[in-house]
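Computed from heavy atoms alone, side chains included, the values below leave out hydrogens, waters and symmetry copies. On a predicted model such as this, the values are computed, not experimentally measured, just so you know.
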Amino acid sequence: MTSPAAVLEAGPRPRWWGAGRHPTTAVAGALGLAAFAVLWWWGSERTRFIPPIGETLAAYPAFLASGIWGDIGASAVRVVLALATAVALGAVAAWVIVRGGFWARVVSRYVDLALGLPSVLVALLALMVFKRSEAGVFLVVAVACFPFVAISLRQGLAAMGHQLADMASVYRFGTVRSVRHVLLPHLVPYAMSSVRNEYAHAWRVVVLAEIFAVNSGVGHRFTQAFDRFLIDELVLWLITFIVLLLGSEYLVLRPLEKFALRWRGDRS
């Protein structure tokens, strides 16, 4: 029988459900993908409106070679530029709110108003004001995403408190060093979390705005397939949209977040 002292000396056993290292993550993902494939097959067998999964996947290589990358690139540029604008606006709004005073109350009301605006309504208003132009797409994404960024960064600034600022003052960091070594490292987790959350939101809003406002991009191609009742092409675009979101999430955003937070060490 193992003594308690030996157990304590050996340390805690690694849990199979530990963060990011257990094999059930891959198993759960595989089961979810298999369930989706089964539901797709079952729906194609029960209705004429869902294309068979085998035929759709077989047509996917030809679809990728059919000149879709220009529209994907146009949507990606809109997402990146509009999301960067939303992050900048959200950072300014969070800073103003945390400082307090009259303008803090004014900006808070604008953030609350933007949170309650439906994306469809904003897209239609942008179409009326800007007609078919890029400015309307950027406006829609910025208005839809910036309040969530502002809320996240406001929480980060509020959680900072006065202790870190007092420490920087005691060691005479100065403004530049305080921002670089105190403020930015503290806000990086909040900023990366808001960017990751709003990235998928920005893609959805961009596609929605492209349906109404411009003649290029993924949303425009969705509209073309829908107007021509090309269900196969619509499903292929949907698969491409999902792969694009998941691929950029796990191949770009998560590694970038891990790199930005490498100074914190491995806490898994």
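With sequence neighbours left out, the ring pair (Phe, Tyr, Trp, His ring centres under 6.0 Å) criterion links F138 to no other residue. Every residue two or more places apart in sequence or in another chain was checked for a side-chain contact (heavy atoms from CB on, under 4.5 Å) with L113, and none qualifies. Here W42 pairs with R46 under the side-chain contact (heavy atoms from CB on, under 4.5 Å) rule; sequence neighbours left out. Remark: H201 pairs with F148 by the ring pair (Phe, Tyr, Trp, His ring centres under 6.0 Å) rule, at least two apart or across chains. Partners of E55 under the salt bridge (Lys or Arg N to Asp or Glu O under 4.0 Å) rule, at least two apart in sequence or in another chain, do not exist in this structure. N215 pairs by the side chain to side chain donor-acceptor pair (under 3.5 Å) definition with R132, not counting sequence neighbours. Residues that satisfy the salt bridge (Lys or Arg N to Asp or Glu O under 4.0 Å) test with R109, not counting sequence neighbours, are D112. Applying the side chain to side chain donor-acceptor pair (under 3.5 Å) rule to S248 yields the partners Y199; only residues at least two apart in sequence or on another chain are considered.
Among all heavy-atom pairs drawn from S75 and W203, the shortest one is CB-CZ3, 3.5 Å. P147 approaches A142 most closely through the heavy-atom pair CD-O, 4.4 Å. Counting all heavy atoms, side chain and backbone alike, V96 lies closest to A104 at O-CB, 3.4 Å. Residue V149 comes nearest to G90 through the heavy atom pair CG1-CA, 4.2 Å, listed as atom of the first residue, atom of the second, then distance. When all heavy atoms of A93 and V107 are compared, the closest pair comes out as CB-CG1, 3.7 Å.
Note: the hydrophobic cluster containing V92 also contains I97 (ILVMFWY, side chain heavy atoms under 4.5 Å, direct or indirect links). Note on L157: it does not cluster hydrophobically with W103, by side-chain heavy-atom contacts below 4.5 Å among ILVMFWY residues. Hydrophobic clustering, with ILVMFWY side chains joined whenever heavy atoms are under 4.5 angstrom apart, groups L139 together with L83. Connection of L187 to W95 is not established within any shared hydrophobic cluster, with ILVMFWY side chains joined at heavy-atom distances below 4.5 Å, either directly or through further cluster members. Tracing side-chain contacts under 4.5 Å through hydrophobic residues (I, L, V, M, F, W, Y), one reaches V243 starting from L245; they form part of the same cluster.
Residues V87 and F146 have side chains not in contact (no heavy-atom distance under 4.5 Å, counting atoms from C-beta outward). Between R228 and E233, every side-chain heavy-atom pair lies at or beyond the 4.5 Å cut-off. With contacts defined as side-chain heavy-atom distances shorter than 4.5 Å, the pair H220/V214 does not qualify. Using a 4.5 Å heavy-atom cutoff, the side chains of L115 and Y110 are not in contact. Looking at W40 and V235, their side chains come closer than 4.5 Å, going by heavy atoms from C-beta outward. Annotation: side chain of L244 is in contact with side chain of I72 (closest heavy-atom distance under 4.5 Å). Looking only at side-chain heavy atoms (C-beta outward), I231 and I50 stay at 4.5 Å or farther from each other.
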- Message: For M192 and L253: C-alpha separation, side-chain torsions, deciding distance, then whether side chain to side chain contact (heavy atoms under 4.5 Å, CB included) applies.
- Response: CA-CA 8 Å; M192 294 302 301; L253 293 181; 5.7 Å; no
- Take V79 and V141 through the test side chain to side chain contact (heavy atoms under 4.5 Å, CB included) and record every step on the way to the result. CA-CA 8 Å; V79 167; V141 179; over 6 Å; no
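Here L230 is tied to no hydrophobic group at all, with no ILVMFWY side chain closer than 4.5 Å.
When atom types are taken as modelled, the side chain of S152 and the backbone of Y190 share a donor-acceptor pair closer than 3.5 angstrom. With hydrogens and angles disregarded, a donor-acceptor distance shorter than 3.5 Å links the side chain of T56 to the backbone of P52.
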Please report, to 0.1 Å, the donor-acceptor pairs under 3.5 Å made by any side chain of residues 60-68, with sequence neighbours excluded.
from	atom 1	to	atom 2	distance (Å)
Y60	OH	T240	OG1	3.0
S66	OG	F63	O	2.5

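Annotation: the span from L153 atom CG to S194 atom OG amounts to 5.0 Å, rounded to 0.5 Å. To the nearest 0.5 Å, atoms OG (S216) and CG (D71) are separated by 6.5 Å.
Applying the salt bridge (charged side-chain N to carboxylate O under 4.0 Å, His left out) test to every pair with at least one member in residues 198-211, sequence neighbours left out, gives these pairs: R78-E210. Applying the salt bridge (charged side-chain N to carboxylate O under 4.0 Å, His left out) definition to pairs two or more places apart or across chains, none involves residues 82-102.
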